[in-house]
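Working notes, structure below.
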Amino acid sequence: MREFRHDIAGDRVTVHVPETAEDLDRFREWLDRARERGPIAVDTETTGLDIYRPGYRLRTVQLGDAHDAWVLLYERGGEHAQHAREALQCCGHVLIHNANFDWLVLDEHAGTPLESLAPRTVDTRILATLIDPRQQSEGGIGTGLKPLSARWVDPTAPDTQAGLQSVFRAHGLTKETGWAGIPLMDPTFLLYAGLDVILTARLEPVLRREHSRLGIRPELVQYEHEIARICAVMQRRGLLVDQEYAEPLARRLAEEAERYRAMAARYGVTKVGSSAQVAEALAGMGETLTERTKSGALQTDKAVLLPLADLDRDWQRIGAREPNPLANAVLRAKRAKKWGEDYAQGFMSKLDAHGRIHPAIAPLAARTGRMSVTDGLHQLPSSDHVVRRAILAEPGHVKVSTDFVAVELRVLAALAHVRRMREAIAAGEDLHAFTARMVWGPDFTPRHRKVSKGISFGKVYGGGLDVIVRQTGAPEAEVRSALAAYDRVYPEIKRAASRWQRQAVANGMVYVSPVGRRLPLDRDRTYAVTNYACQSTARDVLGQALLNMEAAGLLEYMRLPIHDEILMSVPAEDAADVARETERCMTFPLFGVPIAAEAEVGGRSWGSLYGADY
DNA sequence: AACTTCACG
DNA sequence: ACGTACGTGAAGTTT
């Protein structure tokens with residue numbers, strides 16, 4: 001038996017590493033006693049984050065309580081792996097920090113189904129996020145084990161992740177190669193592996209006490225664990241990639257990027273990503289740049305370059321000037337590079353053994369509670385179908401996408417009791433058209449509807465005249481009068497915003513959403529409370545839809561949540577029925593305001609919902 | 001590490 | 001008193 005001692009919060013704790021059969025017997029004895037006393041904390045160390053990449057290994061499984069941790073050498077197989085698997089099956093309730101990751105690791109590599117472990121899990125990251133969802137960079141505590149331990153357990157608790165980086169270097173390894181390459185019996189590796197479960201075990205009771213103090217309801221905690229499990233199931237399933245399509249697409253886009261890069265180089269721009277070079281070269285061609293970035297540099301983003309290339313927002317020729325060839329080349333080189341490398345080639349480089357990608361779904365990522373997804377799957381170009389065409393439904397299936405209808409605006413109508421909005425929604429009206437009619441009268445044009453939509457978003461997001469003018473491209477005078485009219489038509493919005501700000505200030509700068517989610521405000525931008533309330537509640541509307549869909553037996557078809565949309569892969573012959581059923585799951589009242597959804601049944605690829613013919 | 005850009009809702 | 005666009009992930013460049 002290898003044993004390590006360490007002091008945490010004034011207590012001497014022990015990390016045990018069983019090596020012999022007798023050592024493993026002692027682990028069993030400890031486990032039998034410890035599980036009588038309470039939940040067991042669980043953690044894993046693995047070769048990396050890419051759980052589904054061929055060659056991935058589970059290295060250790062750690063179990064522990066507040067005083068003892070046992071690091072099981074899973075990588076050795078045999079008795080070690082056997083004891084880990086049995087312990088996970090029989091240990092009852094478990095505490096895991098950021099459970100999604102360990103659920104999927106243990107499901108894929110230790111024969112412990114997610115369906116078995118998830119219902120027994122308390123995730124300390126969820127507990128902590130419900131107390132303060134902010135990252136340290138946003139002024140919060142942070143949601144990693146290190147900052148939370150420092151705040152709630154012991155300010156001197158070691159940064160086990162950062163601490164290992166230096167051990168990696170000592171072994172001639174890097175951040176990338178360290179997790180797979182560090183010798184299994186490295187003492188720092190084993191100690192830190194053990195300390196993580198001890199810290200998790202100590203975190204849970206403190207966070208529970210804080211929940212009681214703040215009045216965070218157990219129902220909210222339960223709800224978040226259900227959502228996390230559903231998201232983990234979707235991540236485990238992943239998405240099928242059309243390799244015969246994505247591979248040549250990546251090649252074609254790489255050639256295109258290279259062609260335009262060479263064109264830009266002829267004007268002295270050797271790096272199209274260098275804003276300074278682009279600005280200087282454009283100035284040398286007689287163009288005048290006026291827009292500046294926050295730090296004062298000349299701005300050379302898409303909004304600046306498109307007009308110089310005589311292109312509108314949809315990249316169509318305007319015909320107002322001679323296109324600047326450098327602006328055109330920079331725009332096209334950057335787009336082709338991004339689409340090719342981040343998306344097409346990105347998919348190809350992340351395939352599992354079955355040609356699937358598994359973007360990580362973080363169910364509670366943003367400070368508003370919104371989800372986030374890795375590998376660019378939330379950011380695929382929607383103006384064109386070429387990239388989404390690379391994502392396929394299963395063989396014999398079609399893609400079904402169901403969107404909430406104007407969900408953030410409906411949430412606003414519900415939360416702020418916006419009378420005219422509620423009436424319009426109840427009457428089944430198109431909200432943006434309704435607003436346009438209220439502002440411009442019955443003869444409003446489609447352009448007026450578009451401006452109304454822009455103003456609505458501007459309102460919800462807290463934008464002012466300048467930004468809305470820039471975003472909508474509408475004349476300033478028109479936006480100005482529309483904004484004034486908007487406040488007359490929907491006077492409740494401003495009143496609700498100031499009420500929410502007052503409540504937040506009285507509650508330690510924390511707005512509490514209707515589900516009980518705590519949303520800390522930044523002191524100098526309390527106006528953001530309107531957006532936080534809408535974005536956060538819209539996220540919970542999505543969460544409710546996910547629960548409804550699982551209850552309706554649709555989980556096996558669900559693939560990806562995208563804020564106000566749920567993407568599915570459905571057997572072609574059932575698609576129409578499942579689409580109707582999905583709409584029903586996404587339709588329910590929110591404080592008397594109907595939330596509605598519209599399903600679209602596509603073809604085999606995701607791109608088919610964006611105009612592709614397959 | 002900070003900044004800038006670009007992709008999305 | 002007034003007005004403030006919100007939230008992400010990923011990559012490249014510069015410091």
Side-chain angles (χ1 to χ4, degrees), chain A residues 133-135 137-138 257 261 269-279 291-306 330-331 333-343 345-346 350 359-362 364-384 387-388 401 403-404 406-409 412 454-472 479 483 487 494 497-498 501 519 521-536 538-539 542 560-567 610:
Chain A
R134 294 171 301 175
Q135 298 308 307
S137 57
E138 297 165 331
R261 189 204 59 75
V269 173
T270 57
K271 295 173 176 179
V272 291
S274 169
S275 297
Q277 272 189 28
V278 172
E291 299 297 312
R292 300 213 167 246
T293 66
K294 205 156 59 179
S295 65
L298 283 172
Q299 203 156 27
T300 59
D301 64 6
K302 221 169 56 168
V304 170
L305 296 186
L306 279 171
V330 169
L331 281 164
K334 285 165 82 172
R335 182 169 73 169
K337 187 174 163 65
K338 186 177 185 71
W339 290 16
E341 290 181 7
D342 290 11
Y343 304 134
Q345 188 54 48
K350 291 170 183 125
I361 305 172
L364 201 50
R367 62 184 293 177
T368 55
R370 258 197 180 185
M371 302 180 183
S372 76
V373 169
T374 61
D375 303 342
L377 265 286
H378 263 182
Q379 285 93 8
L380 303 188
S382 58
S383 58
D384 191 298
V387 172
R388 291 182 198 240
S401 166
D403 283 52
F404 287 117
V407 64
E408 284 197 9
L409 215 48
L412 178 64
I455 291 173
S456 289
F457 280 113
K459 278 280 155 191
V460 179
Y461 296 159
L465 179 68
D466 287 356
V467 179
I468 296 172
V469 166
R470 213 180 315 135
Q471 291 289 323
T472 59
V479 174
L483 271 174
D487 285 338
K494 273 194 162 176
S498 51
Q501 290 184 50
L519 303 172
L521 304 187
D522 296 337
R523 207 162 287 285
D524 53 345
R525 29 197 301 279
T526 55
Y527 65 89
V529 74
T530 311
N531 179 257
Y532 288 4
C534 292
Q535 191 179 105
S536 175
R539 183 282 188 181
L542 176 75
L560 199 67
I562 315 166
H563 306 308
D564 67 344
E565 168 191 356
I566 297 170
L567 182 70
Y610 294 78

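Scope of the values below: all heavy atoms of this structure, side chains included, with no hydrogens, waters or symmetry mates. Computed from a prediction, not measured in an experiment: that's the story for all the values here. Residue numbers start from 1 in every chain, and the chains themselves are labelled A, B, ... in the order their sequence lines are given, proteins ahead of strands.
Here the closest non-hydrogen pair linking A:A336 and A:A257 is CB-N, 3.7 Å. Of all non-hydrogen atoms in A:V278 and A:L305, the two that sit nearest each other are CG1-CD2, 4.4 Å. Contact record, A:L560 with A:L377: CD2-O, 3.9 Å, taken as the closest heavy-atom pair. Closest heavy-atom contact between A:K302 and A:L331: CG-CD2, 3.6 Å. The two residues A:I361 and A:P561 come nearest to each other via the heavy atoms CD1-CD, 4.0 Å.
The interatomic distance linking A:L483 (CG) with C:dA5 (P) rounds to 12 Å, in whole Å. Distance A:D403 CG to B:dC8 P: 14 Å, rounded to the nearest Å. Put simply, CG on A:D375 is 18 Å from P on B:dA7, counting in whole angstrom units. Protein atom NZ of A:K294 is 14 Å distant from nucleotide atom C1' of B:dT5, rounded to whole Å. Distance A:W339 CH2 to C:dG9 P: 22 Å, rounded to the nearest Å. Between the P atom of C:dA5 and the CG atom of A:D522 lies a distance of 14 Å, rounded to the nearest Å. When the P atom of B:dC8 is taken as reference, atom OH of A:Y343 falls 7 Å away, rounded to whole Å. In this structure, NE2 of A:H378 is placed 21 Å from P of C:dC6, rounded to the nearest angstrom.
The aromatic ring of A:Y527 does not stack onto the base of C:dT4, failing the criterion of a centre distance under 5.5 Å from the six-membered base ring together with planes under 30° apart.
The phosphate of C:dT8 has neither OP1 nor OP2 within less than 4.0 Å of any side-chain N or O from A:Q379. The shortest distance between the side-chain N/O atoms of A:T300 and the OP1/OP2 oxygens of B:dT5 is below 4.0 Å. Neither OP1 nor OP2 of C:dG9 sits under 4.0 Å from any side-chain N or O of A:T374. In this model, the phosphate group of C:dG7 is not approached by any side-chain N or O of A:T368 to a distance below 4.0 Å at OP1 or OP2.
Distances were taken from every side-chain heavy atom of A:Q299 (C-beta onward) to each of B:dT5, B:dG9, C:dA10; the shortest belongs to B:dT5. Considering only side-chain atoms of A:R370, the nucleotide from C:dT8, B:dG9, B:dA7 that sits closest is B:dG9. Of the candidate nucleotides B:dG9, C:dG7, B:dA7, B:dG9 has the atom nearest to the side chain of A:I562. Candidate nucleotides B:dA7, B:dT5, C:dC6 were compared by shortest atom distance to the side chain of A:T293, and B:dT5 ranks first. Taking every side-chain heavy atom of A:K338 into account, B:dA7 is the closest of C:dC6, B:dC8, B:dA7.
Pairs passing the side chain to side chain donor-acceptor pair (under 3.5 Å) check and including a residue from residues 456-469 of chain A, sequence neighbours excluded, read A:S456-A:Y486, A:K459-A:D487.
Heavy atoms of A:L377 sit nowhere under 4.0 angstrom from any nucleic acid atom. Among the protein residues, A:E138 comes within range of the sugar-phosphate backbone only, with heavy atoms under 4.0 Å from sugar or phosphate atoms but none that close to a base. Note on A:K302: only backbone sugar-phosphate atoms sit closer than 4.0 angstrom, heavy atoms only; bases stay farther off. Heavy atoms of A:K334 sit under 4.0 angstrom from primed sugar atoms or phosphate atoms, though from no base atom. Residue contacts shown for A:V373 are limited to sugar-phosphate atoms, with no base heavy atom under 4.0 Å away. A:R525 comes within contact range of the sugar-phosphate backbone alone, with a heavy-atom separation under 4.0 Å but no base atom that close. Residue contacts shown for A:I468 are absent, as no nucleic acid heavy atom lies under 4.0 Å away. Contact annotation for A:G458: base contact, defined as any heavy-atom pair under 4.0 Å involving a base atom. Backbone-only contact: A:S383 has heavy atoms under 4.0 Å from sugar-phosphate atoms and none from a base. Residue-level contact check: A:F457 touches the bases, meaning some heavy atom is under 4.0 Å from a base atom.
With a 3.5 Å ceiling on both atom-pair distances, the Watson-Crick or G-U wobble partner of B:dC6 is C:dG9.
Taking a cutoff of 4.0 Å between a charged side-chain nitrogen and a carboxylate oxygen, A:R367 and A:D522 qualify as a salt bridge. A salt bridge links A:E408 with A:R370: at least one charged nitrogen is closer than 4.0 Å to a carboxylate oxygen.
For A:R388 (side chain) and A:P381 (main-chain N/O), a donor-acceptor pair under 3.5 Å exists by modelled atom type.
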Give me, pair by pair, the N or O atoms of the protein and of nucleotides 12-15 of chain C that are less than 3.5 Å apart, along with how far apart they are.
{"from": "C:dT14", "atom 1": "OP1", "to": "A:S274", "atom 2": "OG", "distance (Å)": "3.0"}

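To the nearest whole angstrom, the two P atoms, one in B:dG9 and one in C:dA5, are 22 Å apart.
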